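In what follows, a single structure is set out as structure tokens and then discussed.
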2 protein chains.
Amino acid sequence: MHPAHFHVTVDVVALTITDGVLKVAVVQRDSKTSCIDQRRNGDVREIPRDSKHHWALSGGHVRYDTENINEAAARELFEETKIKVDPESLVQLGAYGALGRDPRPGRTVSIAFLAFQPMFSDPIAGTDAKQARFFSVLDLLTEPNRLEFDHELMLLDAIQRVREMVLTTPIATSFCPPQFTMSELREVYEVLWHPAYDKEISDADRQRLAAELRRYENSDEYQLLSSLKNQSARGNTESRTAQPRGLSSGSVYSRIESEFPEFRYQLAQMPQERLNQITKILMTEAKSNVPKKPEIKKRLDPANFARKVEKIPGFIEKISDSELRSSMSGTGRPAQLYRRGDIQRLDPPLRLEVKRGKGKTKWD
Amino acid sequence: MHPAHFHVTVDVVALTITDGVLKVAVVQRDSKTSCIDQRRNGDVREIPRDSKHHWALSGGHVRYDTENINEAAARELFEETKIKVDPESLVQLGAYGALGRDPRPGRTVSIAFLAFQPMFSDPIAGTDAKQARFFSVLDLLTEPNRLEFDHELMLLDAIQRVREMVLTTPIATSFCPPQFTMSELREVYEVLWHPAYDKEISDADRQRLAAELRRYENSDEYQLLSSLKNQSARGNTESRTAQPRGLSSGSVYSRIESEFPEFRYQLAQMPQERLNQITKILMTEAKSNVPKKPEIKKRLDPANFARKVEKIPGFIEKISDSELRSSMSGTGRPAQLYRRGDIQRLDPPLRLEVKRGKGKTKWD
DNA sequence: CCAAAAGTGTTCTTAGTACACCCATGG
DNA sequence: CCATGGGTGTACTAAGAACACTTTTGG
């Protein structure tokens, strides 16, 4: 008979896609309250990490006498990120209980969950960004921002699982707004199949691919674009004074100054209408300069993708008597809107030709 | 901070297929050493059960300070059933930690594993049959032999997982002898897709389907057939005196008596050659009387199945300069033998048209 | 001879791909 | 006007299903 020396914890991988980038909810715990596998880097590899770069999945102990593990997962997620999910919607990834994942006395077994129930468009509202935020998954796989060792494993397992699930269940729609266009849905699949998320890829390759995507995300234009998007989406005026971070190159601003010479002094007093004009120009400029999303596995053929998806009964429904939506990029013909259907499983499953045999499989 | 009131256990679902019937390794624990969810029936439903019908998956506590959970699973499986598996080959099904699955103080979270690494042709050798044996899965889903409540759930989850895995990995060959024919391999798929194993089926339906298969398994002819098969396979003489159990109807024996009137008195002294003759007749008779395996989901077309399987690179290899094997039923043209290939994943995955939409999905 | 299963071949249908082409928008 | 993306159509290809036919065993 073995004494009860176990800690049972839960960790939640909450995924979302914003602006074509896969992101995961992470928290920054201070060492006092951190209970799961702190400072786990020593025995695997030495990773440069400071307090600003120390992220972990949200999670914590299961209350042993009052809650089921999925309830614990939902509770921890809410407590730490303010994301509210139905415990039943959480998908269990499995138990991670390797020896030595926790240096404290006893033994910790953590059960990982996957969440994407809500549409995380503007998530973790009301939480201090220092403590919880969505973070680009690729960033968490490159150097300065690495997750705990086995949180990284959980994350990769989670992505693997999501790939399976978007082919067999309608959860891909959870990454989209309630009303979405075909290309928004298609982008979910294109993003998820970026080769950098492959589990069996070499670390060097992942670093290279991640760096590529990172360059894209960190480009001034992308930063500007997403901040403008948020601004115009919620029409919040608070960000009028907050300058988009990372903006340093002058090409965009110089154009504004040429068209609006009074910019420098009158921005604060400018009427909203004029500000919208400026925003529009900024977005246009940004869009035209954002580099192409680098080598997504397979740019899916829009026509064929749409046909395939529409053929699956109950997956999505055309919103017939509704407005069309202008496409993500602003240009192009406005698109038909869809909403998610009412089925639980895709039947038949969606099939993308995912050539798995990249490096190792032998083809004669 | 929550105190460590957790028990962490493992349970192993070890599956095999013998004589066209899916079986799982179960053990009969006496109440003193049983540590996982004993007498769990009260809160769900009242199930008639006596000591002879009280089966559970093999499993037990993880040693908190010395072993990983998959190692614990392999150890427990070996200790209780003498089945030896590589811990790395175990597939984790997930954690089962619902409140109240164990009445003892504290809380038990069990992590379920799936095993099929070895070819369980003559398994659990050397173990007292009272303590561990392979049991027909269908029998464990019908009344007198029910598993613990959440072991039944594990079992169904396991089968679900195996179905996925035989389509994407070469593990289907693990259910076959080292050298196998196409029909032996095909039978694996046919057996696994029996609708009684569907998870979402209603309990009443499952009972009905299980009863059907059960009638088949319990038929005198099937019993005779499998015992004769074992006898001739290992040529063990010990069973010469042991009469196949369940044999009561006289049709087979009467035929023997008509052809071998001396049967009643001379069986014990009979030369092996003559015994083989008798065995052959018995098998023939049995085969001709065994009712058809009832409604396997879809009798797969042998020709198309073979082509499909042979097209997957590295899945199976033809054994070129080898004997052919006469088919399972004895009659028919001898078949080509195969052995498993060396790949880890089926690429492309095997696809059987598994019409999932049986009851609930709407097809317009 | 027949029955049963293996193995081969063939036809027909479907699913999927790769395009070409027009439409609607922003600039 | 152009570029960009949405939407429709279509020809070509691959995959799969169904089935006929031959072969080889046991009886």
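The analysis underlying the following values was restricted to heavy atoms, covering all of them including side chains, and did not include hydrogens, waters or symmetry mates. These numbers come from a predicted model, not from an experiment. The chains referred to below are lettered A, B, ... by the order of the sequence lines, with proteins before strands, and numbering in each begins at 1.
- Checked against D:dT8, D:dT25, D:dC19, the side chain of B:Pro334 finds its nearest nucleotide in D:dT25.
- Judged by distance alone, with hydrogens and angles left aside, the side-chain atoms of B:Asp198 form no donor-acceptor pair with the main-chain N or O of B:Ile201 at under 3.5 Å.
- Within the 4.0 Å cut-off from OP1 or OP2 of D:dG6, not a single side-chain nitrogen or oxygen of A:Thr181 is found.
- If you take CD of B:Glu187 and C1' of C:dA6, they are 16 Å apart, rounded to a whole angstrom.
- For the pair B:Asp301 CG and C:dA6 P, the computed distance is 11 Å after rounding to whole Å.
- With rounding to whole Å, B:Asn304 atom CG is found 17 Å from D:dC21 atom P.
- Distance CG (A:Leu337) to P (C:dA24): 17 Å, rounded to an integer number of Å.
- A 4.5 Å side-chain heavy-atom check between B:Leu22 and B:Leu138 finds every atom pair outside the cut-off.
- A straight line from CZ of A:Arg186 to P of D:dG7 spans 10 Å, rounded to a whole angstrom.
- In this structure, the nucleotide among D:dG16, C:dA5, D:dG9 sitting nearest to the side chain of B:Lys308 is D:dG16.
- Distance, A:Gln336 CD to C:dT25 C1': 16 Å, rounded to whole Å.
- For A:Arg307 and C:dT17, the shortest distance from a side-chain N or O to OP1 or OP2 is not below 4.0 Å.
- Put simply, B:Arg351 has no side-chain N or O that comes within less than 4.0 Å of OP1 or OP2 on D:dA15.
- Atom CZ in B:Phe180 sits about 14 Å away from atom P in C:dA6, given to the nearest Å.
- Contact check, A:Arg333 against D:dT4: no side-chain N or O comes under 4.0 Å of OP1 or OP2.
- Here the side chain of A:Thr331 is nearest to one of C:dG9, C:dA4, C:dT25, namely C:dT25.
- Although no hydrogens or angles enter the test, the distance criterion places no donor-acceptor pair under 3.5 Å between the side chain of A:Tyr338 and the main chain of A:Phe315.
- The one candidate from A:Met182, A:Glu184, A:Glu190 that meets the side chain to side chain contact (heavy atoms under 4.5 Å, CB included) condition with A:Arg186 is A:Glu190.
- Using a 4.0 Å cut-off, no side-chain N or O of B:Lys311 falls inside it from OP1 or OP2 of D:dA14.
- Atom CG of A:Leu300 is separated from atom P of C:dA18 by 11 Å (rounded to the nearest Å).
- The side-chain heavy atoms of B:Leu352 and B:Leu167, taken from C-beta on, include a pair separated by under 4.5 Å.
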